[in-house]
Amino acid sequence: MGQNPASKYTPEFRRETADYVIASGRPITERCRELGLNSKTVNDWVLKRRRELGGEVPAGDSDAELRRLNKRVRELEMENEFLKKAAAFFARTQG
């Protein structure tokens, strides 16, 4: 028994593929031929993604923008935490 072919795809790839299929409005089989993927597998990804979205059509650019902004927020939070620790350290050594 070989490895399940669907397990070789990352969760991000699955989500982005499902978003692409949903946003295109074209039949899943047509998009799968274009992408070289199994339509049953992609159909499962699309059904799962539609449940996650609650029926909304994903906006590809806004998803990328949201990921970028979330990454920036994490970076700023880490910088802020570092500066708080540095300020506490220097306050202790000064006084």
Exercise. Would you kindly confirm whether Leu37 and Leu47 end up in one hydrophobic cluster when ILVMFWY residues are joined by side chain heavy atoms under 4.5 Å apart?
Key: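 No; tracing contacts between hydrophobic side chains, which count when under 4.5 Å, never links both residues.
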Self-check item: Steps toward side-chain contact (heavy atoms from CB on, under 4.5 Å) verdict (Leu53, Asp19)
Solution: CA-CA 10 Å; Leu53 295 170; Asp19 287 347; 4.2 Å; yes
Self-check item: Chi angles and distances behind the salt bridge (Lys or Arg N to Asp or Glu O under 4.0 Å) call for Asp44, Lys40
Solution: CA-CA 6 Å; Asp44 292 341; Lys40 168 104 174 72; 3.6 Å; yes
Exercise. May I ask you to decide whether Glu12 forms a salt bridge with Arg49, counting only side-chain N to carboxylate O separations under 4.0 Å?
Key: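 No, no charged N to carboxylate O under 4.0 Å.
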Quiz item: Would a 4.5 Å heavy-atom cut-off, applied to side chains only, mark Arg31 and Val42 as touching?
Solution: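 No - every pair of side-chain heavy atoms lies 4.5 Å or more apart.
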Quiz item: Which value, rounded to the nearest 0.5 Å, describes the distance between Gln94 atom CD and Phe89 atom CZ?
Solution: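 The CD atom of Gln94 sits 9.5 Å away from the CZ atom of Phe89.
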I'd like a table of donor-acceptor pairs (distance under 3.5 Å, sequence neighbours excluded) in which one partner is a side-chain atom from residues 73-85, with atom names and distances.
residue : atom : partner : partner atom : Å
Glu75   : OE1  : Arg72   : NH1          : 3.3

Exercise. Any chance you could lay out the side-chain contact (heavy atoms from CB on, under 4.5 Å) test for Leu35 and Tyr20, step after step, and finish with the verdict?
Key: CA-CA 11 Å; Leu35 299 169; Tyr20 171 70; 4.1 Å; yes
Quiz item: How far apart are the C-alpha atoms of Thr17 and Tyr9, what are their side-chain angles, what is the distance that settles it, and do they pass the side-chain contact (heavy atoms from CB on, under 4.5 Å) test?
Solution: CA-CA 10 Å; Thr17 301; Tyr9 301 112; over 6 Å; no
Quiz item: Of the non-hydrogen atoms in Ser39 and Ile28, which two are nearest, and what is the gap between them?
Solution: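 Between these two residues, the closest heavy atoms are O-CG2, 3.9 Å.
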